[in-house]
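For the numbers below, each heavy atom of this structure counts, side chains included, while hydrogens, waters and symmetry mates do not. Quick caveat: nothing in here was measured; it's all calculated off a predicted structure.
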2 protein chains.
Amino acid sequence: MSDTSKAKQKGKRLSSTQRRAEFISKAIEFFSEEGFESSTRSLARHLGVTQPLLYRYFPSKDDLIKEVYQTVYLNRWQDDWDELLCNRAIPLRQRLQAFYEAYTDAIFTREWMRIFLFSGLKGVEINRWYVGLVNERILGRILTEFRVENGQLETTEPTPEELELAWVMHGGIFYYGIRKHIYESPVLADKSRMISDALDVFLSGIGTTISARKPDTTA
Amino acid sequence: MSDTSKAKQKGKRLSSTQRRAEFISKAIEFFSEEGFESSTRSLARHLGVTQPLLYRYFPSKDDLIKEVYQTVYLNRWQDDWDELLCNRAIPLRQRLQAFYEAYTDAIFTREWMRIFLFSGLKGVEINRWYVGLVNERILGRILTEFRVENGQLETTEPTPEELELAWVMHGGIFYYGIRKHIYESPVLADKSRMISDALDVFLSGIGTTISARKPDTTA
DNA sequence: TACACTATTTATCAAATGATAAATAGTGAG
DNA sequence: CTCACTATTTATCATTTGATAAATAGTGTA
């Protein structure tokens, strides 16, 4: 009923910037369903415009895809998550629960999960970059914060074994999203509960399992 | 240097059955790298034959792809894994370690992981079937065996929360394979150690976390 | 109203695609 | 050696694909 939706119905002349934004947003919808190998004609049909119009806004299909990546990957990270993870006024367990609820709220969508996996299979740079971001901005921090809360040396680097266990925890949570949105398989409805259990298990394990097997009392 | 490799070098006349097997095996290599949207011509080049020859062995590209699925998904499960998981003469912890080492030895290959994800994104039936297999043949059993070992009623169905926690454990281990073979990201070299830690954490958690929060003392 | 500007469409191209039919060339049986 | 058989290639088709150029049609401005 709004101005824009009426304009879209008739399919006539949107402003350049509006059109561009609409193209990217609908290209995300489209490519996340059909994969990036799908044709520009099919995409244009989905957009309700003719195929050559795409080329007035993007020099090539590849450029459009890159814009899709940018939009999907970037600006997904909320800046306050950094502070949340490192806010030592709150118990770590609470911080992690809040973080993973917010984080999974942001990325557990069919669109995001599928584009993430499609681009991962293509081995594109931005995917590798994202994995690095998870490694340093989430898992590395969690391990540091765990040390601090347990009165250990903050400066001690996490061992590879600890980092791996953090990845297994993170991957377990992430896989819930894959099962739900990629496999479309039934999952526990209560996402918070899943996160809570995963965290409990991880935090009790990182304390006992790791320290017990490889006590770094070298210093 | 062998007969077959020489024959392949000259590219001349293999027996029908040999050729067919070779096509499927190399199609797995090829599609796992390039994705199923890649062209039959490109595949033929990879095979060292001309493209129409493919159609003498498979009615259509789709039929070839189905054969690829069959070969990759089926016969991957070793029959003795069933017995291994349920062999109550051995402590559950040991059974799980042995099982997951063997299981990941079987599926943590670049080919398998990539074809699994490609087919998952396409939503093909065989992928859904496989997820069901993991659910019942691995995770359901683990939970049952855990009950038995802890003197609980074998007949009691696992709660959804328990099954979810088992999925998180399994997903965490599986994600190690994704990170290694899809993201090509560095992982802990010692896979056995990763499995061991994941299992320790899971088994200690399933006993305390779950039972503590939702004690099923209804009966 | 008339004009300039540009968003959009129509028409089109060359290359790539899945698929088929006919021609060719190894191979084994007699 | 010859001939039938079939594995393989060559030639080809109709579609689909990414992309471009030219024609058309809204829209704001004077």
Side-chain angles (χ1 to χ4, degrees), chain A residues 2-28 30-31 33-69 118-119 122 124, chain B residues 2-28 30-31 33-69 118-119 122 124:
Chain A
S2 74
D3 250 32
T4 48
S5 73
K6 275 230 149 172
K8 264 200 311 194
Q9 275 174 19
K10 273 283 152 196
K12 300 291 173 187
R13 292 184 74 96
L14 262 65
S15 89
S16 182
T17 47
Q18 274 182 312
R19 191 58 109 178
R20 202 185 145 83
E22 193 204 8
F23 278 8
I24 294 175
S25 140
K26 291 230 175 166
I28 293 174
F30 177 78
F31 284 131
E33 280 307 314
E34 314 290 332
F36 291 107
E37 317 297 323
S38 262
S39 73
T40 54
R41 275 175 181 78
S42 186
L43 167 60
R45 214 175 302 130
H46 182 79
L47 284 159
V49 299
T50 56
Q51 179 246 3
L53 188 57
L54 291 169
Y55 289 83
R56 264 257 162 326
Y57 292 87
F58 309 96
S60 73
K61 183 185 179 183
D62 238 42
D63 287 281
L64 167 55
I65 289 176
K66 271 176 196 150
E67 295 261 14
V68 165
Y69 288 151
F118 274 127
S119 60
K122 286 217 287 185
V124 296
Chain B
S2 75
D3 250 30
T4 49
S5 75
K6 275 229 150 174
K8 262 198 312 189
Q9 274 174 20
K10 274 281 154 200
K12 300 293 172 185
R13 294 185 70 98
L14 262 64
S15 89
S16 184
T17 47
Q18 274 183 310
R19 192 57 108 177
R20 202 186 143 81
E22 194 205 8
F23 277 8
I24 294 175
S25 139
K26 290 232 177 167
I28 293 174
F30 177 78
F31 284 130
E33 280 305 315
E34 313 291 330
F36 292 106
E37 317 297 323
S38 263
S39 74
T40 54
R41 275 175 181 80
S42 186
L43 167 60
R45 215 175 302 130
H46 182 79
L47 283 159
V49 300
T50 57
Q51 180 247 3
L53 188 57
L54 290 170
Y55 289 83
R56 264 260 167 318
Y57 292 88
F58 309 95
S60 72
K61 183 185 178 183
D62 239 41
D63 287 281
L64 167 55
I65 290 176
K66 271 175 196 151
E67 295 261 14
V68 165
Y69 288 152
F118 273 127
S119 59
K122 286 218 284 186
V124 297

E33(B): salt bridge (Lys or Arg N to Asp or Glu O under 4.0 Å) partners, not counting sequence neighbours:
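By the salt bridge (Lys or Arg N to Asp or Glu O under 4.0 Å) rule, E33(B) matches R110(B).
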
Short side-chain N/O contact from R19(A) to OP1 or OP2 of dT8(C), under 4.0 Å:
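Looking at the OP1 and OP2 atoms of dT8(C), one of them is under 4.0 Å from a side-chain N or O of R19(A).
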
If you take all heavy atoms of Y69(B) and S119(B), which pair is closest and at what distance?
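Taking every non-hydrogen atom into account, CE2-CB, 3.5 Å.
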
Go through L47(A) and L54(A) one step at a time and tell me if the side-chain contact (heavy atoms from CB on, under 4.5 Å) criterion holds.
CA-CA 10 Å; L47(A) 284 159; L54(A) 291 169; 3.6 Å; yes

Among residues 51-61 of chain A, which residues get a heavy atom nearer than 4.0 Å to DNA chain C?
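Listed by number, they are P52(A), L53(A), R56(A), Y57(A).
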
For [X] and [N], what is the distance between atoms [atom1] and [atom2] respectively, to the nearest whole Å?
{"X": "L43(B)", "N": "dT17(C)", "atom1": "CG", "atom2": "C1'", "value": "13 Å"}
{"X": "Q18(A)", "N": "dT6(C)", "atom1": "CD", "atom2": "P", "value": "17 Å"}
{"X": "D62(B)", "N": "dT17(C)", "atom1": "CG", "atom2": "P", "value": "16 Å"}

5' precedence on DNA chain C between S42(B) and T50(A) (nearest-nucleotide basis)
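Nearer the 5' end of the strand: T50(A).
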
By ring pair (Phe, Tyr, Trp, His ring centres under 6.0 Å) - contacts of F31(A) (at least two apart):
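By the ring pair (Phe, Tyr, Trp, His ring centres under 6.0 Å) rule, F31(A) matches F36(A).
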
Residues forming a side-chain contact (heavy atoms from CB on, under 4.5 Å) with T50(B), sequence neighbours excluded:
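side-chain contact (heavy atoms from CB on, under 4.5 Å) list for T50(B), sorted by chain: P52(B), L53(B).
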
side-chain hydrogen bond (donor to acceptor under 3.5 Å, both in side chains) contacts in which one or both residues fall within residues 34-43 of chain B, not counting sequence neighbours:
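Residue pairs with at least one partner in residues 34-43 of chain B: T40(B)-Q51(B).
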
For residues 49-68 of chain B, which residue pairs pass the ring-ring contact (aromatic ring centres under 6.0 Å, His included) check, not counting sequence neighbours?
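The answer is F23(B)-Y57(B).
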
Within residues 51-67 of chain A or reaching into it, pairs that qualify as salt bridge (charged side-chain N to carboxylate O under 4.0 Å, His left out) - sequence neighbours excluded
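Non-adjacent pairs meeting salt bridge (charged side-chain N to carboxylate O under 4.0 Å, His left out): R20(A)-E67(A).
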
Can you pull out the residues from residues 33-41 of chain A that lie within a 4.0 Å heavy-atom distance of DNA chain D?
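Of all residues in residues 33-41 of chain A, the ones placing a heavy atom under 4.0 Å from DNA chain D are S38(A), S39(A), T40(A), R41(A).
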
